[in-house]
There are 2 protein chains.
Amino acid sequence: MPRVSEDHLIARREQILVAARTCFLRNGLHNTTMQDLIAEAGLSVGAVYRYFKSKNEIINAIAESVAGGITALLQEVSTREPAPPLVEALSEVFDAINVQVGENGNFPLAVQVWGEATLDPAIREIVRHRYQGMREAYVTLARRAVERGELAPDTDVEAAASVLFGLIPGFALQRLFLGHPDKDTYLRGVRALLNPG
Amino acid sequence: MPRVSEDHLIARREQILVAARTCFLRNGLHNTTMQDLIAEAGLSVGAVYRYFKSKNEIINAIAESVAGGITALLQEVSTREPAPPLVEALSEVFDAINVQVGENGNFPLAVQVWGEATLDPAIREIVRHRYQGMREAYVTLARRAVERGELAPDTDVEAAASVLFGLIPGFALQRLFLGHPDKDTYLRGVRALLNPG
DNA sequence: CAGTGTAAAACGAACGCTCGTTCTTGACAC
DNA sequence: GTGTCAAGAACGAGCGTTCGTTTTACACTG
């Protein structure tokens, strides 16, 4: 199909990325061959190489998109009016994390991307940027919690944000590798520490 | 050297694993070839295959050992007499994490192993087991904090342990990808949340 | 102690295979 | 015609692993 609409081009790209995600999730970034990915997309070798000039370019595109959903949620929750209580905000985020850890979720793929980020500077930069964005949402969350008196007025907002943000991968990894705790238990733990003896 | 001491055999195995660790840290689990690893060890192909029957077996051995130091520290701290205050115990653990995140530390390798664990059941089981062991140390830590009144008597110990444990990968990943916060800042954040407004 | 046999240990060339990528060919819309 | 896009056979590089050969340490013999 020559001389094709721009929409078609974008759709093809998306089709390839969807197939890539499926394959990477099933077999990993490295064990997935271009043949696998091409078969999954239902395209030919030539077609795929028209839209991405290498496997690495596909991996980068996946790395860019893998945390998109969570990032968007964080930005929404952290700027919502009126600001939800801290524990309520965390609860919503944990719900989203649970989905990503579960069947067909993106979290296992994100873990693979982290591994790649320890080696490849381009992917490292992508991950750093995403991580930065997520953390900034937590700074907003913490700042507003101080403003409305949920946290002490002299709280170091940056420090508190780091800890709150740190709870997320801590939760996700336990879910992924141990299968527990569930969200409510984890939140109970957070509350317990927020109100120590 | 034929008919050689048992020490010699163990030392050779160790020599191969040290070389593997170096290579995996430098180029990753998948981009490291047997040739790389063999050259790093200063041995021959045949020699390495005498001690490990496949590359996968070497990866498994590395996965087994990668978190050994942190696990040992956690076990020591959580059973130490007299029990250190919670924040003090966390501080020691964060110091150890900092070392592992830094130059030549094991944490980047651990992240790669996590990625592999999402695909390979054998490695997943190794990671699960290690994760379990670490979490148990935190259960002990939390239980003793309740006993001595540092946490409320009605605290859900399991839940609190999950959260405290979750702080560790949360801290390590931020250090790895963002380069901050430092230990003292993170601890300040923990204290701030432990004593909310 | 010298000589010899033996089996463990190490060696490394070679193999079979799979990979990511290129490139020639042809089909179709305009 | 002409330009765009897709197809898939073909390619060369490089992989993990095997295996026939060589080296070495030691036991045993006289």
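Labels below follow one simple rule: chain letters A, B, ... track the order of the sequence lines, proteins then strands, and each chain is numbered from 1.
Both L25(B) and V127(B) belong to a single network of hydrophobic side chains, linked directly or stepwise wherever heavy atoms of I, L, V, M, F, W or Y lie under 4.5 Å apart.
For V45(B), the side-chain atoms get nearest to dT18(D) when compared with the rest of dG8(D), dT18(D), dG20(C). Closest approach to the R50(A) side chain among dT21(C), dA6(D), dA10(C) is made by dA6(D) (side chain taken as heavy atoms from C-beta onward). Looking at the side chain of R12(A), the nearest of the listed nucleotides dA6(D), dA9(D), dC11(C) is dA6(D). Comparing dA6(D), dT17(D), dC15(D) against the side chain of A47(A) picks out dA6(D) as the nearest. Residue Y49(B) places its side chain closer to dG16(D) than to any other of dG16(D), dG20(C), dA13(C).
Annotation for Q174(B) and P181(B): closest pair OE1-CD, 3.9 Å, computed over non-hydrogen atoms.
Note: CD1 (I59(A)) to C1' (dC19(C)) measures 13 Å, nearest angstrom. When the P atom of dC15(D) is taken as reference, atom CG of N31(A) falls 15 Å away, rounded to whole Å. Residue H30(B) contributes atom NE2, which lies 18 Å from atom P of dT18(C) at whole-angstrom precision. Taking atom CE on M34(B) and atom P on dA13(C), their separation rounds to 17 Å, with Å as the unit. Between the CD1 atom of I38(B) and the P atom of dT18(D) there is a distance of 12 Å, given to the nearest Å. dG20(C) atom P lies 12 Å from atom CG of L29(A), rounded to whole Å. Here the P atom of nucleotide dC11(C) and the CG atom of L43(B) are 6 Å apart, to the nearest Å. The CD atom of Q35(A) sits 10 Å away from the C1' atom of dT21(C) (whole-angstrom rounding).
In this structure, E125(B) pairs ionically with R128(B), as a charged nitrogen and a carboxylate oxygen lie closer than 4.0 Å. Between E158(A) and R143(A) there is no salt bridge, since none of the side-chain N atoms of the basic residue sits less than 4.0 Å from a carboxylate O of the acidic one. K183(A) has no carboxylate O lying under 4.0 Å from a charged side-chain N of E92(A), or vice versa, which leaves the two without a salt bridge.
Taking side-chain N and O atoms only, Y51(B) has no distance below 4.0 Å to OP1 or OP2 of dA9(C). The side chain of S44(B) contributes an N or O atom lying less than 4.0 Å from OP1 or OP2 of dC11(C).
Taking the nucleotide of DNA chain C with the nearest heavy atom to each of T33(A) and G46(A), the more 5' of the two is matched to T33(A).
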